[in-house]
Amino acid sequence: PGEDLEAYFADVIDADQKIEPRDWMPEAYRRTLIRQIAQHAHSEIIGMQPEGNWISRAPSLKRKAILLAKVQDEAGHGLYLYAAAETLGISRDELVELLISGRQKYSSIFNYPTLTWADVGAIGWLVDGAAIVNQVPLCRCSYGPYARAMIRVCKEESFHQRQGYEILHTLSHGTPAQKAMAQDAIDRWWYPSLAMFGPPDGDSTHSAQSMAWKIKRFSNDELRQRFVDMCVQQAEILGLTLPDADLRWNDERQAYDYTQPDYDELMRVIKGDGPCNRQRMEHRRRAHDEGAWVREAAAAYAAKQAERQKE
Ligand code: FAQ
């Protein structure tokens with residue numbers, strides 16, 4: 001590239017302006033964004049499975065309608081994100097192939113099972129809560145299409161988080177068995193949710209470069225801390241306990257001290273060896289294969305329309 005182009009790119013980043021699809025960008029910047037946005041898109045799509053598991057067993061028609069809407073939102077987020085990734089010069093077909101062949105990842109969190117209805121509440125409160133903490137700064141990411149997609153996604157995530165919190169609040173103020181079910185769900189989802197923020201800063205391979213490019217605005221540990229600080233008070237209001245005996249306010253740091261998640265477990269889950277990795281991938285492959293006729297029909301229809309326009 002010419003020096004002018006590189007200087008222009010650096011100036012845009014420096015001035016907190018946006019890089020747009022037609023602008024020159026370093027190849028590594030493009031590759032990092034494709035990796036992160038694709039992983040994010042795949043997470044939304046795979047993330048429909050754990051909650052989808054409860055649509056047919058939601059405890060009331062109202063709960064079912066809310067959950068259906070939430071899972072549909074996740075499909076929508078996946079689509080915005082695939083569209084944002086496509087502006088970087090990769091096709092949707094390629095992205096789907098990279099997921100299905102296991103060459104691109106999705107968030108570790110979706111490899112844990114949803115055992116009870118309370119898990120739907122815990123996912124909303126903790127998993128969507130963690131997603132918001134991670135994604136609000138991405139609204140200021142240096143790549144325009146990703147930043148803009150995040151604004152809408154975050155608004156919907158806020159509703160998702162509230163619905164999860166409300167499920168847990170209802171259970172926690174219900175019968176002793178319902179309260180115990182809510183507590184059990186929090187006990188199982190707390191540490192996997194902390195692990196969503198990625199490895200600790202010292203082991204995070206991409207953070208320094210991504211922060212210099214203003215793709216990431218805060219480090220993994222900074223966001224994890226922010227999430228812990230947010231959850232403590234919310235748990236108190238719920239009347240439920242976070243499963244960490246060492247959780248305490250640190251006056252000096254003005255933040256809560258807390259127990260780190262098991263990062264060896266995170267690495268195992270990322271590498272494909274979590275409780276539900278195989279099941280999630282099998283389901284996605286089967287859904288993709290079963291949808292082949294829809295893609296073929298849509299392509300045939302588009303070809304026919306294009307042919308007609310020529311006439
Ligand atoms: N899971 O150097 P870093 C949602 C990988 S929310 C799997 O720190 P980076 C909403 C990482 O890719 C979930 N892999 O990496 C929802 C890298 O591997 P690579 C999705 C992980 O990128 C709720 C390696 O470890 N949200 O879907 C994880 O700078 C309910 C080294 O790590 C996003 O994707 C992990 N937890 O920081 C939907 C947000 N952590 O690629 C449905 C956007 C790390 O070199 C239902 N992404 N890795 O092979 C990000 O902010 C970043 O990519 C991080 C990781 C923070 C996740």
Side-chain angles (χ1 to χ4, degrees), residues 28 31-54 67 70-78 80-81 84-85 98-99 102-112 114 119-139 141 143 146-147 149-150 153-154 156-161 163-164 189 191-213 215-224 227 261-263 265-274 277 280:
R31 275 200 309 275
T32 293
L33 278 167
I34 290 178
R35 175 185 64 80
Q36 179 166 328
I37 300 173
Q39 245 173 245
H40 196 163
H42 300 328
S43 303
E44 300 281 356
I45 298 301
I46 298 279
M48 290 194 281
Q49 292 183 41
E51 290 165 291
N53 183 33
W54 281 92
L67 184 57
K70 177 185 194 272
V71 173
Q72 282 177 3
D73 283 351
E74 280 146 14
H77 297 174
Y80 308 150
L81 286 161
L98 286 165
L99 169 65
R103 278 175 295 158
Q104 272 179 349
K105 300 188 174 110
Y106 58 88
S107 178
S108 51
I109 193 73
F110 302 116
N111 294 306
Y112 292 86
T114 39
D119 289 24
V120 174
I123 290 181
W125 179 41
L126 296 173
V127 176
D128 289 281
I132 293 170
V133 169
N134 167 272
Q135 285 164 208
V136 165
L138 291 173
C139 297
C141 149
Y143 188 57
Y146 191 29
M150 279 301 110
V153 167
C154 283
E156 292 176 352
E157 296 291 12
S158 302
F159 151 66
H160 295 171
Q161 200 235 8
Q163 68 85 40
W189 288 92
Y191 288 103
S193 300
L194 291 184
M196 284 173 74
F197 294 92
D201 293 350
D203 299 333
S204 167
T205 39
H206 304 292
S207 276
Q209 182 60 72
S210 289
M211 285 177 71
W213 278 328
I215 294 172
K216 285 170 95 162
R217 296 285 183 155
F218 299 96
S219 76
N220 297 357
D221 287 331
E222 282 169 332
L223 293 175
R224 194 169 4 246
F227 175 67
D262 178 348
Y263 292 113
E265 175 179 323
L266 172 65
M267 287 307 142
R268 280 198 304 278
V269 176
I270 292 178
K271 290 204 179 93
D273 206 13
N277 295 59
R280 300 288 184 244

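Each ligand, and each atom within it, is numbered from 1 in the order the structure gives. All heavy atoms count here, side chains included; hydrogens, waters and symmetry mates do not. When a residue number appears, it is its place in the shown sequence, counting from 1.
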Among Pro200, Ser43, Ala41, Ala130, whose heavy atom sits nearest atom 20 (C) of ligand 1?
Ser43

Just to be sure I'm reading this right: ignoring hydrogens, which of His206, Met196, Gln209 gets closest to atom 57 (C) of ligand 1? Compare them by their nearest heavy atoms.
Met196

Just let me know how [X] lines up against ligand 1, side chain, backbone, both or neither, with a heavy-atom cut-off below 4.0 Å.
| X | answer |
| --- | --- |
| Lys105 | side chain |
| Tyr146 | side chain |
| Phe110 | side chain |
| Asn220 | side chain |
| Arg35 | side chain |
| Asn134 | side chain |

Show which atoms of ligand 1 fall inside a sub-4.0 Å distance from at least one heavy-atom site of [X].
| X | result |
| --- | --- |
| Glu157 | 10 (C) |
| Glu51 | 46 (C) |
| Lys216 | 8 (O), 9 (P), 29 (O), 37 (O) |
| Gly198 | 40 (N), 44 (C) |
| Ala195 | 36 (N) |
| Ser204 | 2 (O), 3 (P), 8 (O) |
| Gln39 | 12 (O), 41 (O) |
| Thr205 | 2 (O), 31 (C) |

At what distance is the nearest protein heavy atom to [atom], and which residue and atom is it?
| atom | answer |
| --- | --- |
| atom 50 (C) of ligand 1 | Gln36 NE2, 3.5 Å |
| atom 46 (C) of ligand 1 | Glu74 OE2, 3.1 Å |
| atom 28 (C) of ligand 1 | Ile270 CD1, 3.7 Å |
| atom 38 (C) of ligand 1 | Glu44 OE1, 3.3 Å |
| atom 6 (S) of ligand 1 | Ala131 CB, 3.6 Å |
| atom 35 (C) of ligand 1 | Ser108 OG, 3.5 Å |
| atom 13 (C) of ligand 1 | Ser107 CB, 3.7 Å |

Contact check, side chains of His206 and Ile215, non-hydrogen atoms, under 4.5 Å:
no

Under a 4.5 Å cut-off applied to non-hydrogen side-chain atoms, are His40 and Tyr146 in contact?
yes

Test Thr114 against Trp189 for side chain to side chain contact (heavy atoms under 4.5 Å, CB included), laying out the working first.
CA-CA 10 Å; Thr114 39; Trp189 288 92; 4.0 Å; yes

When you measure from the heavy atoms of Pro199 to every atom of ligand 1, does any distance fall below 4.0 Å?
yes

Under 4.0 Å and counting heavy atoms only, is there anything from the protein next to atom 54 (C) of ligand 1?
no

Please test Phe110 against Ile45 for side chain to side chain contact (heavy atoms under 4.5 Å, CB included), starting from the C-alpha separation and ending with a verdict.
CA-CA 10 Å; Phe110 302 116; Ile45 298 301; over 6 Å; no

Ignoring hydrogens and angles, tell me if any N or O in the side chain of Ser207 forms a donor-acceptor pair with the backbone of Asp201 under 3.5 Å.
no

Kindly give the heavy-atom pair with the smallest separation between [X] and [Y], and that separation in Å.
| X | Y | value |
| --- | --- | --- |
| Val71 | Met48 | O-SD, 3.5 Å |
| Asn134 | Leu223 | CA-CD1, 4.1 Å |
| Leu266 | Pro199 | CD2-N, 4.0 Å |

So, taking the atom named CG in Leu33 and the one named OG in Ser210, what distance separates them when rounded to the nearest 0.5 Å?
8.0 Å

Salt-bridge test for Arg224 and Asp221: reply yes if a basic N is under 4.0 Å from a carboxylate O, no otherwise.
yes

Of all residues at least two apart in sequence or in a different chain, which pass the salt bridge (Lys or Arg N to Asp or Glu O under 4.0 Å) check with Arg217?
Asp16

Any nitrogen or oxygen of Asp128, side chain or backbone, less than 3.5 Å from one on ligand 1?
no

Can you sort out the partners of Phe197 under ring pair (Phe, Tyr, Trp, His ring centres under 6.0 Å), two or more places apart, ordered by chain and number?
Phe227

Can you see whether His160 engages Glu157 through a side-chain donor-acceptor pair at a distance of less than 3.5 angstrom?
yes

Ile34 vs Gln104, side chain to side chain contact (heavy atoms under 4.5 Å, CB included): CA-CA, chis, key distance, verdict
CA-CA 10 Å; Ile34 290 178; Gln104 272 179 349; 4.3 Å; yes

I would like to know whether Gln36 and Leu138 meet side chain to side chain contact (heavy atoms under 4.5 Å, CB included); could you show each step before the answer?
CA-CA 11 Å; Gln36 179 166 328; Leu138 291 173; 3.7 Å; yes

